[in-house]
Amino acid sequence: TFKGTDFTYDCIVIGAGVQGSFTAYQLTKNNKKTLLLEQFALPHTRGSSHGQTRIIRKAYKQDFYTHMMEESYELWAQLERETGIQLYRQTGLLLMGPKNSQNYQDLKNSLQRNKVPMVLLTRDNFSQHIPNMKLIEGHEALVDITAGVLYADRALRSVQFQKLGGVIRDKEMVTNISPGPVVTVSTNAGVYRAKSVVITAGPWANKLLTNTGLQLPLQVVKINVCYWKEKVPGLYSMQQRFPCFILTEGEESSEDIYGLPSNEYPGLVKICYHMGSETDPDQRDKQTDKSDIDILQHCIRHCLPGLIPEPAVVESCMYTLTPDRHFVLDCHPTYSNIVIGAGFSGHGFKFGPVIGKLLSELTVGQVPTYDLSPFRITRFNTKTKSAL
């Protein structure tokens, strides 16, 4: 047994994706001796934080997300100033959806209610504002002006290298977590002890939580990240002021279709379906479902005439979904010194700086900056059994 003072670190963060990296960054900034563990060699493409770009937006149905994003924009800007690296580019976000769609109307009402700068488009002026794109008959459109592109891999690199004295160990897979007043974390390379542990392990969250007697209702899906070739190079580029876009639903699609201007690969536009098929994160290459690509091809033929409706590149990413698609930001129900950030459901990257701040507040026992009731574990009726 260890005495209460026998520990090596104040905190161990498991998982060096965007949420874990920002959590370790915040803890280190607050003078906590912090270890960040990552099972793969950094940088890697096996989780949910890789790739060059993500959309950043305030357009959310729920006010709590819109309010969190207000601070997130400020924190991204602060990181840009600290590192001297551009992490955000304003392009605007085009939102489209059927006039009678509850989803679309909720987003529109939220933007108006929260006074987010926006432009409502009509059928008549749509093509003036958004060339090379067609608005589907019976659909409405608006632009969230402050939205844009986050340079994801750059952001991850800059926050990981801004560790201010924290320790990152990659290629170390956690094999066991022993709860207690001092938490013992074993990896394939060593044993570490800390006063508290933060689990931000994405698709591997439940695997790690097994050691603590807790399982969350998380579903892991593999997303096909598709890139489509421009018929004329640059047609859908930022230089041509083409925005990010979200189509809330269509004839064939019940989930969002989203896209970003051509940027990562010259002449290719990233357009994806916001859902995938269930997968095991350690065997995700076995999941080869491509039904979402049919939906995307239909959308591209109807809405984006300047693209060849055949994906030029297909990469993959994983989403870890909660039943209500809201995050998990909470302390373990049995062990309050184990903090969990999970279930980011394919829309968490843009919140990285705020989530890092919230998870570090939970770790050091501060009152969180935001009301975390939408993110509590208790909403799931999860049964916990003692891990001892």
Side-chain angles (χ1 to χ4, degrees), residues 11 13 15 17-27 29-30 32 54-79 102-103 105-116 144 146-147 150 196-202 205 209 214 216-218 319-384:
C11 187
V13 180
V18 64
Q19 316 302 358
S21 296
F22 268 107
T23 304
Y25 167 74
Q26 284 289 347
L27 287 162
K29 233 177 165 175
N30 291 321
K32 299 293 170 199
R54 293 293 188 283
I55 295 174
I56 182 169
R57 61 186 161 108
K58 289 183 190 170
Y60 265 96
K61 292 188 251 184
Q62 296 86 0
D63 290 351
F64 56 82
Y65 283 130
T66 304
H67 297 157
M68 285 166 76
M69 277 313 301
E70 283 161 12
E71 183 178 11
S72 201
Y73 271 89
E74 289 168 19
L75 293 173
W76 281 115
Q78 187 184 318
L79 186 63
Q102 194 62 53
N103 265 340
Q105 293 303 334
D106 287 349
L107 282 163
K108 178 175 155 183
N109 294 340
S110 165
L111 287 169
Q112 288 172 327
R113 192 170 57 242
N114 290 295
K115 300 184 171 55
V116 176
D144 166 355
T146 58
L150 268 180
S196 56
V197 164
V198 181
I199 297 174
T200 46
L209 287 168
L214 176 66
L216 297 172
L218 302 175
Y319 287 1
T320 307
L321 305 167
T322 59
D324 59 11
R325 304 293 191 265
H326 299 322
F327 313 148
V328 175
L329 305 171
D330 204 352
C331 294
H332 190 293
T334 315
Y335 310 105
S336 59
N337 60 345
I338 296 178
V339 172
I340 302 162
F344 293 101
S345 302
H347 68 108
F349 198 102
K350 66 186 87 64
F351 292 93
V354 167
I355 286 168
K357 183 179 166 187
L358 287 164
L359 292 175
S360 76
E361 287 168 345
L362 285 173
T363 305
V364 300
Q366 288 173 352
V367 177
T369 311
Y370 296 91
D371 169 20
L372 294 187
S373 51
F375 310 118
R376 295 271 180 229
I377 290 169
T378 45
R379 74 189 197 266
F380 299 133
N381 301 322
T382 308
K383 291 179 177 59
T384 58

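- Shown here are the side-chain contact (heavy atoms from CB on, under 4.5 Å) partners of Thr320, two or more places apart in sequence or in another chain: Pro203, Leu218, Val220.
- Between Thr369 and Met68 there is no side-chain heavy-atom pair separated by less than 4.5 Å.
- If you take CZ on Arg113 and NZ on Lys108, they are separated by 13.0 Å, rounding to the nearest 0.5 Å.
- A pairwise comparison of heavy atoms in Thr363 and Val339 identifies OG1-CG2, 3.8 Å as the closest pair.
- Of the possible donor and acceptor atoms, none in the side chain of Asn114 sits under 3.5 Å from a partner among the backbone N and O of Val116.
- For the atom pair OG1 of Thr378 and CG of Asp330, the computed distance is 6.5 Å after rounding to the nearest 0.5 Å.
- Separation of atoms OG1 (Thr66) and CG (Leu111) is listed at 7.0 Å; rounding is to 0.5 Å.
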Test Ile355 against Thr200 for side-chain contact (heavy atoms from CB on, under 4.5 Å), laying out the working first. CA-CA 11 Å; Ile355 286 168; Thr200 46; over 6 Å; no

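- Closest heavy-atom contact between Asp63 and Ser110: OD1-OG, 4.0 Å.
- Side chain of Gln19 to main chain of Phe344: no donor-acceptor pair is present (N/O by atom type, distance under 3.5 Å, no hydrogens or angles).
- With sequence neighbours excluded, no residue satisfies salt bridge (charged side-chain N to carboxylate O under 4.0 Å, His left out) with Asp106.
- With rounding to the nearest 0.5 Å, the separation of CD1 in Ile56 from CZ in Phe349 is 10.0 Å.
- Rounding to the nearest 0.5 Å places CD of Glu74 at 14.0 Å from CG of Leu79.
- Remark: the backbone N or O of Pro374 is paired with a side-chain donor or acceptor of Arg379 at under 3.5 angstrom.
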Tyr370 vs Phe375, test: ring-ring contact (aromatic ring centres under 6.0 Å, His included). Steps then yes/no. CA-CA 11 Å; Tyr370 296 91; Phe375 310 118; 9.0 Å; no

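- Across all non-hydrogen atoms, the minimal contact from Gly352 to Val18 is CA-CG2, 4.2 Å.
- Looking at every heavy atom in both residues, Val328 comes nearest to Leu216 through CG1-CD1, 4.2 Å.
- Each of Lys350, His326, Lys58 was evaluated against Tyr65; a single residue qualifies, His326, per the side chain to side chain donor-acceptor pair (under 3.5 Å) test.
- Annotation: salt bridge (charged side-chain N to carboxylate O under 4.0 Å, His left out) contacts of Arg325 (sequence neighbours excluded): none.
- For the residue pair Tyr319/His347, the side-chain donor-acceptor check at 3.5 Å is not satisfied.
- Of the candidates Phe327, Trp76, Phe22, Tyr73, Phe327 is the only one forming a ring pair (Phe, Tyr, Trp, His ring centres under 6.0 Å) with Phe351.
- The two residues Pro368 and Leu358 make their nearest non-hydrogen contact at CB-CD2, 4.0 Å.
- Inter-residue side-chain proximity for Ile377 and Leu214 is flagged as met; some heavy-atom pair is nearer than 4.5 Å.
- Residues Ala342 and Ala205 come closest through the heavy atom pair CB-CB, 4.2 Å.
- Remark: Thr23 OG1 to Lys357 NZ distance equals 13.0 Å, nearest 0.5 Å.
- Between the side chain of Arg57 and the backbone N or O of Ala59, at least one donor-acceptor pair lies under 3.5 Å.
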